[in-house]
Novice: 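Please find one structure pasted underneath; my questions will follow.
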Amino acid sequence: MLGATNLMRSHTQTSHIRLKRTFVVVTVAREKFITPGPKKDTKKQKKIKFDPTDELWKSDINLNEDITKALGGVALLEKERKSGDPFKQRAYENAIYIITSYPARIISGAEAKKLQGIGSSIANKIDEILKTGTCESLKEKQEDAELFETFSQVFGVGPVAAKRFVDKGYKSISDLANDPDLTDMQRLGIKYVDDFKLMIPKVEAQGLIHYVQDVLKELSPAYIGIACDGHRRELSETNSLYMAITHPNYTSSPSTDPGRLLLDLTDALTDLGFLTDHISSGILKYWVRWESIEGSTI
DNA sequence: AAGACGTCGCATTCCC
DNA sequence: GGGCATGCGA
DNA sequence: GTCTT
């Protein structure tokens, strides 16, 4: 039985001197990851339920782009104003997604309200959008909302920090670098802000996986390390790499202490110069940044 | 009217 | 210094 | 913010 799950995240960037890549490793060992609990079956058919697999919802173009665009703006404002209520945020995203897929032109808020996921608040906004072409609330603090979104792109910057940066009057990500209260994670996020956005081609991902597997095997032939997620699913490129690492001595049932299972690996990879910036480090979870050495065969 | 909306490891802050 | 709450990412 | 109880 799989006892530990490692996650890696890798990105690439080209500079004139050398290739740069970021790399994140995470381990998690919890039985619930392996045997997920029973799924709740909540079905009520009063409202029209959105089903992306249903032919009925197949729409190549968004017939309600004016509505979804305006709602997107409102959602942004809401995010900034409340410093990000994740549920409200999701509610907006869900509604926008549904309306985008809706295979007909919406002519009233009431029509939209028939859809599951759209209630009276959004229905009212739709009426306003249809009538005036925009939303009154959209006229306020649009710039702040956009800055909030920009800052949120930085790794380590969530809704709270993003709001704080907006309130401090920062206008760009480069302004953040001077902030005295940055966490280590945010410093890395700023430093590698472009790096984190890049994708890793499959071939390269394979090389990285094999490299780690080789190091693993040297530590102990019994170690097991397999690729997970995107790379495992044979995607042509990924923006992150995940690996599950375990050892026969480490089982999740009954639970055993993983001990140095992960640290031995990350120590070795660090000694090799494979890993550089450490984002976080624990017994079960480890994140690092990796930077390749010029001339590396990877 | 009020709770659910996924959950958890790690970093950091806050509080005692 | 230990325990708890918060922020964050996944 | 929407849905459910």
Side-chain angles (χ1 to χ4, degrees), chain A residues 4-11 22 24-50 71-72 74-79 81-99 109 112-126 135 137 151-165 179-190 192 196 228-230 238-244 252 255 258 261-263 266 277-289:
Chain A
T5 306
N6 273 0
L7 176 150
M8 292 196 205
R9 180 188 179 112
S10 166
H11 304 272
T22 53
V24 176
V25 183
V26 175
T27 52
V28 179
R30 286 293 176 267
E31 215 147 5
K32 61 186 64 170
F33 279 95
I34 300 158
T35 52
K39 282 202 171 171
K40 278 178 239 170
D41 198 345
T42 51
K43 260 191 192 164
K44 287 282 146 38
Q45 292 305 345
K46 203 171 171 204
K47 281 202 163 194
I48 300 169
K49 183 159 185 180
F50 172 60
L71 284 179
V74 176
L76 270 184
L77 284 167
E78 203 59 48
K79 270 162 54 173
R81 184 161 29 200
K82 301 276 183 184
S83 70
D85 177 342
F87 298 114
K88 191 178 274 193
Q89 191 175 320
R90 184 178 307 173
Y92 267 111
E93 284 166 3
N94 186 40
I96 290 168
Y97 179 48
I98 290 167
I99 294 171
K113 201 180 170 183
K114 290 177 186 167
L115 305 172
Q116 190 178 53
I118 291 160
S120 40
S121 176
I122 288 183
N124 289 338
K125 286 191 173 67
I126 288 176
C135 234
S137 53
F151 298 151
S152 298
Q153 293 171 14
V154 177
F155 185 84
V157 175
V160 174
K163 175 92 164 76
R164 182 165 59 85
F165 293 151
D179 190 274
D181 299 319
L182 292 177
T183 64
D184 291 345
M185 193 188 269
Q186 287 162 348
R187 280 197 194 86
L188 289 173
I190 293 166
Y192 300 120
F196 274 127
C228 304
D229 202 71
T238 59
N239 72 347
S240 53
L241 287 182
Y242 301 80
M243 280 186 82
S252 60
S255 173
L261 179 68
L262 178 60
L263 287 185
T266 51
D277 303 278
H278 296 204
I279 296 167
S280 72
S281 169
I283 292 175
L284 299 172
K285 181 186 267 191
Y286 199 92
W287 292 9
V288 294
R289 179 183 181 278

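Naming: A, B, ... by sequence-line order, numbering from 1 per chain.
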Novice: How far does CG of Leu263(A) sit from OG of Ser281(A), to the nearest 0.5 angstrom?
Specialist: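 Result: 5.0 Å between the selected atoms.
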Novice: Do Val154(A) and Phe196(A) come within less than 4.5 Å of each other through their side chains, counting heavy atoms only?
Specialist: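 They are not in side-chain contact.
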Novice: Using atom CD1 of Ile99(A) as one end and atom P of dG1(D) as the other, report the distance to the nearest whole Å.
Specialist: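 Going from CD1 in Ile99(A) over to P in dG1(D) covers 14 Å.
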Novice: May I ask you to verify if any side-chain N or O of Gln153(A) is less than 4.0 angstrom from the OP1 or OP2 atom of dG9(C)?
Specialist: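 It does not, given that no N or O in the side chain of Gln153(A) lies less than 4.0 Å from OP1 or OP2 of dG9(C).
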Novice: Mind checking if Lys113(A) touches a base, just sugar-phosphate, or nothing, with heavy atoms under 4.0 Å?
Specialist: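 Touches nothing.
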Novice: Among dG1(D), dT12(B), dC5(B), which nucleotide sits nearest the side chain of Asp184(A)?
Specialist: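 For the Asp184(A) side chain, the nearest candidate turns out to be dT12(B).
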Novice: Can you see if the side chain of Ser121(A) gets near the phosphate of dG1(D) - specifically, an N or O under 4.0 Å from OP1 or OP2?
Specialist: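 It does, given that an N or O in the side chain of Ser121(A) lies less than 4.0 Å from OP1 or OP2 of dG1(D).
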Novice: Round to the nearest Å and state the distance from Ile48(A) atom CD1 to dC3(D) atom P.
Specialist: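 Answer to the nearest Å: 12 Å.
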Novice: Quickly work out the Leu182(A) CG to dC8(C) P distance and round it to whole Å.
Specialist: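 Taking atom P of dC8(C) as the reference, CG of Leu182(A) is at 12 Å.
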Novice: Considering only the P atoms, how many Å lie between dT5(D) and dG6(B), rounded to the nearest integer?
Specialist: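 After rounding to an integer number of Å, I get 16 Å for this pair.
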Novice: Using a cut-off of less than 4.0 Å, is there contact between a side-chain N or O of Lys47(A) and OP1 or OP2 of dC3(D)?
Specialist: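 True: Lys47(A) side-chain N/O within range (under 4.0 Å) of dC3(D) OP1/OP2.
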Novice: So what is the 5' to 3' dot-bracket string for DNA chain B, if pairs are Watson-Crick or G-U wobble with both distances under 3.5 Å, crossing pairs use [ ] and | means the partner sits on another strand?
Specialist: |||||.||||||.|||
Novice: Taking only residues two or more places apart in sequence, or in another chain, which ones meet Ser121(A) in a side chain to side chain contact (heavy atoms under 4.5 Å, CB included)?
Specialist: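 Once residues adjacent in sequence are excluded, the partners of Ser121(A) under the side chain to side chain contact (heavy atoms under 4.5 Å, CB included) criterion are Lys125(A).
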Novice: Taking atom P of dG1(D) as reference, at what distance in whole Å does atom CD of Gln116(A) sit?
Specialist: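 Atom CD in Gln116(A) sits about 18 Å away from atom P in dG1(D).
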Novice: If you only use heavy atoms from C-beta on, which nucleotide in dG1(D), dG6(B), dA11(B) is closest to the side chain of Ser280(A)?
Specialist: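 Nearest to the side chain of Ser280(A) among the choices is dA11(B).
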Novice: Within the structure, does a side-chain N or O atom of Arg164(A) lie under 4.0 Å from either OP1 or OP2 of dG7(C)?
Specialist: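 No, because none of the side-chain N or O atoms of Arg164(A) sits under 4.0 Å from OP1 or OP2 of dG7(C).
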Novice: With a 4.0 Å cut-off on heavy atoms, is Ala75(A) in touch with a base, just the backbone sugar-phosphate, or nothing at all?
Specialist: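 Nothing: the residue Ala75(A), judged by heavy atoms under 4.0 Å, touches no strand.
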Novice: Using a 4.5 Å cut-off on heavy atoms from C-beta on, say whether the side chain of Tyr92(A) contacts that of Val74(A).
Specialist: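 Yes - at least one pair of side-chain heavy atoms lies under 4.5 Å apart.
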Novice: For Asn94(A), which contact category applies under a 4.0 Å heavy-atom criterion: base, sugar-phosphate, or nothing?
Specialist: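 Since no nucleic acid heavy atom lies under 4.0 Å of Asn94(A), the category is nothing.
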Novice: Which whole-number value in Å describes the distance from Leu262(A) CG to dC10(B) C1'?
Specialist: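 Going from Leu262(A) (CG) to dC10(B) (C1'), I get 12 Å.
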Novice: Kindly say whether Lys47(A) contributes a backbone atom to a donor-acceptor pair with the side chain of Gln116(A) at under 3.5 angstrom?
Specialist: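 Between the backbone of Lys47(A) and the side chain of Gln116(A) there is no qualifying donor-acceptor contact (under 3.5 Å).
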Novice: So what does Phe87(A) touch, heavy atoms closer than 4.0 Å: a base, only the sugar-phosphate, or nothing?
Specialist: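 Answer is base: heavy atoms of Phe87(A) come under 4.0 Å of a base.
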Novice: Looking only at side-chain atoms of Arg90(A), point me to the closest of dC5(B), dC8(C), dG1(D).
Specialist: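 From the listed options, dC5(B) comes nearest.
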Novice: Taking the side chain as C-beta and beyond, is there a heavy-atom pair between Asp229(A) and Thr238(A) under 4.5 Å?
Specialist: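 In short, these two side chains do not touch, never coming nearer than 4.5 Å.
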Novice: Within the 4.5 Å heavy-atom criterion, are Cys135(A) and Leu71(A) side-chain neighbours or not?
Specialist: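 Not in contact.
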Novice: Looking only at atom C1', what distance separates dT12(B) and dG1(C), rounded to whole Å?
Specialist: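 Nearest-Å result for dT12(B) against dG1(C) at atom C1': 16 Å.
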Novice: From C-beta outward on Ile122(A), which listed nucleotide comes closest to its side chain: dT2(D), dA11(B), dC8(C)?
Specialist: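 Side chain of Ile122(A) sits closest to dT2(D).
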Novice: Indicate, with a heavy-atom threshold strictly under 4.0 Å, whether Val74(A) touches base, sugar-phosphate, or nothing.
Specialist: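 No contact at all - Val74(A) keeps every heavy atom at 4.0 Å or more from the nucleic acid.
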Novice: Applying side chain to side chain contact (heavy atoms under 4.5 Å, CB included), name anything that partners Leu76(A), two or more places apart in sequence or on another chain.
Specialist: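 Counting only residues at least two positions away or on another chain, Leu76(A) forms a side chain to side chain contact (heavy atoms under 4.5 Å, CB included) with Lys79(A), Ala145(A), Glu149(A).
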Novice: Once you round it to whole Å, what is the distance between P of dT2(D) and CZ of Phe50(A)?
Specialist: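 In whole Å, dT2(D) P and Phe50(A) CZ are 17 Å from each other.
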Novice: Name the nucleic acid region contacted by Leu115(A), choosing base, sugar-phosphate or nothing; use a 4.0 angstrom heavy-atom cut-off, strictly under.
Specialist: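 If one applies the 4.0 Å heavy-atom cut-off, Leu115(A) turns out to touch the sugar-phosphate alone, with no base involved.
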Novice: May I ask you to test the Arg164(A)-Asp179(A) pair for a side-chain heavy-atom distance under 4.5 Å?
Specialist: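 Yes, their side chains come closer than 4.5 Å.
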Novice: Provide, to the nearest angstrom, the distance between the CZ atom belonging to Phe155(A) and the P atom belonging to dA11(B).
Specialist: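 The answer, rounded to whole Å, is 12 Å.
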Novice: Can you check the Lys88(A) NZ to dG3(B) C1' distance for me, whole Å?
Specialist: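 Spelled out: NZ on Lys88(A) to C1' on dG3(B) is 16 Å.
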Novice: If the C1' atom of dC8(B) is compared with that of dC4(C), how far apart are they to the nearest Å?
Specialist: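 To the nearest whole Å, 16 Å.
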